[in-house]
Amino acid sequence: MAAVIGLAAANYMLFDYHPAPLLCLAGTLSYFCFSLLTPRDPDLNVDYHQSGESSLIFIILLALSLTVSNNGYLLLALSLPPLVLIEMYLHLIAGRSCREQHLIGLTHHILVLMIVLYLWQQDIIKSDQLKPLTAGYGSISSSVYLLIPLGLFATAGLLLAKVLHPEISLFVLGSDYFPLAGLNYRPVRLVLILVRSLYLGLFFSFMGFLGGTAQFFFFLFRKTNPVFKFLSGLFLIMIYSQLLLMLNRFLHYGIILLIAMMISYLSNYYLIRRRNTQDD
Amino acid sequence: MIELKDVSLIVSDRFGLKNIDATFNDGEIIGIIGRSGSGKSLMLKTISSQYRVFQGDVLIQHRPVQSYMTKDLHRLIASSIGLPRPDTEITLQEFLLLSRIPFKRFLNPFTEYDLQTVEEEIKTLELQEYRNNSLESLPSSILGKAMAAFCLIRKSPVLILDNPTAEMDIKSITLLQKALFKHVMDGNRIVLLASNDLNFIAQTADRILLLDEGQIAASGTADLIDADLIRQYFHIEVFISKNIYNGKPNVHFFPEN
């Protein structure tokens, strides 16, 4: 914890970065809701790294921030429809198995890699313009006030997850069990995909790709109790994002993006190894 | 009370069930036996409304089964569902509590009665040491008991179990048998069991139905099971003895079979 506080303080004092621990807290809360609201269902996997949504939303955010705005709400609103579409495609049409999702995710990552390299070569990412940076750092870093609605949204998600816990658990057991609650499986599945897209869009729009990719830390603790999972995830996310912010001062934004992507790949590989029984 | 009136069901261009007429009374344990493909599971699925398109009438408490809302139907009938996904991480206790969800008000927590019911069945089926284990970590024999407990916990007027002893060891079968007797003790509930385990059915059921090619070929008390009947419908030679405690038949298979 001392390391995190030290890094955060150094970042804040030396480079005038916005208070990243708060940013991480908001993002972590939001991701925590996301993981509680769409839990452990192999057909509706919360592991976005596996299906490459992180890369896909990065492309969307980058395109939007370059052409439209760096306003978090606008980015969220505009990125939501394509995100919902790809989620529906992955979970209802194509991605029936984790292996397929992984292949689609890999394609997304390669695409992102090519785009980042191209933009870097063209000096678009190297420049210190605020707009393209939004896709990497998120719009939350440009305004601390955005933390308040994000916090409220996360709290609402937490309450919802708490209250609907039995129904969500029943949903996870599968379509044979879900009618016990007197609800239809398919519409609820669709609602969960929408909720999942909303939260995914939310934390990527506000936290950016660097903050977003840090969320894989949750999966290291996915079988522990929720409080420990939340605190451990938060701690590792803070270290991760502070280190990336610190590195960014000495290296280039493009390289930091590549590092984040590489870590995303490695975490993906690690998670698949750990869950090899589920993936095959 | 459950009434089946001239029920027929076509599956894959042939009769899965044909002209079934039967009445099951409260307080009874009904055992359904027959060869594989004889229509045992189909009959249970038709009663539990998993098959909704059929000819004839299935009445539960004098109302057609199709007229019940989904949630009401699950309050009325607890039927065995397929095993939950093996990678679900919820604990056994959480899983069992979910059986009470048809009685839970939306957005409200489970009641004290729900928790007590779960505790009671955990104790009855001796699942205490596994209560905090995740479902994915349970051995299949324990999972079989858990599935039976899941249905018993509902305390529904109709309990339907399809091949409940398939994964169970001998002690689990005995515990299940006791739990079923207890379940119908107050005379307000019906248990329908389909099984390939003839001894379990003979020792447990008050009344036995033998299905053959979708039709009721024979029905009666446990004494229905004799060597001739088994030869005729199962094409196998057996020796039948009587259980010294209750006089019910015990089926012995010859190794040369």
Side-chain angles (χ1 to χ4, degrees), chain A residues 35-36 38-47 50 96-99 101 156 159-189 191 218-219 221-226 228-229 271-272 274-280, chain B residues 45 48-50 52 68-111 114-115 118 132-138 143 146-147 150-151 153-156 160 162:
Chain A
S35 70
L36 288 177
T38 57
R40 306 162 303 200
D41 178 357
D43 288 344
L44 203 69
N45 211 308
V46 293
D47 185 354
Q50 217 157 44
R96 289 286 171 193
S97 73
C98 289
R99 186 183 290 276
Q101 290 191 19
L159 284 174
L160 204 64
K162 169 80 182 147
V163 169
L164 292 178
H165 180 69
E167 282 79 10
I168 291 172
S169 301
L170 198 67
F171 178 84
V172 173
L173 291 179
S175 54
D176 291 339
Y177 284 83
F178 198 59
L180 290 183
L183 298 166
N184 287 331
Y185 184 79
R186 287 187 175 192
V188 172
R189 188 176 152 87
V191 169
F218 269 94
F219 296 101
F221 308 100
R222 64 199 286 263
K223 290 190 179 179
T224 57
N225 79 59
F228 183 73
K229 175 178 169 172
L271 289 169
I272 288 172
R274 229 169 67 150
R275 294 193 294 170
N276 56 355
T277 48
Q278 190 182 315
D279 276 81
D280 287 313
Chain B
K45 283 179 178 169
S48 62
S49 197
Q50 289 177 53
R52 296 182 81 93
Y68 287 98
M69 301 284 285
T70 312
K71 202 164 183 173
D72 292 337
L73 195 70
H74 286 294
R75 285 177 183 159
L76 193 67
I77 302 173
S79 62
S80 46
I81 311 171
L83 289 176
R85 287 173 173 157
D87 50 358
T88 46
E89 289 166 22
I90 63 172
T91 64
L92 176 63
Q93 193 168 14
E94 285 174 319
F95 171 68
L96 295 178
L97 193 56
L98 290 177
S99 180
R100 298 290 306 167
I101 218 163
F103 300 97
K104 187 180 92 65
R105 284 186 181 178
F106 192 59
L107 301 181
N108 280 26
F110 286 106
T111 63
D114 296 327
L115 299 170
V118 171
N132 295 320
N133 291 24
S134 67
L135 286 185
E136 64 181 339
S137 68
L138 294 177
L143 211 49
M147 295 308 298
F150 188 83
C151 296
I153 281 163
R154 196 89 49 81
K155 303 277 184 207
S156 300
I160 295 178
D162 191 358

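The chains referred to below are lettered A, B, ... by the order of the sequence lines, with proteins before strands, and numbering in each begins at 1.
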Under 4.5 Å from a heavy atom of chain A, the part of B/R75 involved: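 Interface part for B/R75: neither.
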
Segment of B/F103 engaging chain A (4.5 angstrom heavy-atom cut-off):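 Contact with chain A involves no heavy atom of B/F103 at all.
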
Nearest-0.5 Å distance that lies between atom CG in A/D176 and atom CD in B/Q50: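 It comes to 7.5 Å.
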
Non-hydrogen side-chain atoms of A/P166 and B/K104 separated by less than 4.5 Å: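 A/P166 reaches B/K104 side chain to side chain.
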
Given B/T70, B/I101, B/L98, the one that forms side chain to side chain contact (heavy atoms under 4.5 Å, CB included) with A/L180: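 Only one option passes, and that is B/I101.
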
Residues in side-chain hydrogen bond (donor to acceptor under 3.5 Å, both in side chains) contact with B/T111, at least two apart in sequence or another chain: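 Testing B/T111 for side-chain hydrogen bond (donor to acceptor under 3.5 Å, both in side chains), a comparison that skips the adjacent residues, returns B/D114.
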
Non-neighbouring partners of B/N133 that pass side chain to side chain contact (heavy atoms under 4.5 Å, CB included), sequence neighbours left out: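 So B/N133 forms a side chain to side chain contact (heavy atoms under 4.5 Å, CB included) with B/Y130, B/S137, B/L138.
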
Residue pair A/P179 / B/H74: nearest heavy atoms and the distance that separates them: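 Scanning both residues, the minimum pair turns out to be O-CD2, 3.3 Å.
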
Verdict with reasoning, B/L107 to A/L164, per side chain to side chain contact (heavy atoms under 4.5 Å, CB included): CA-CA 6 Å; B/L107 301 181; A/L164 292 178; 3.7 Å; yes

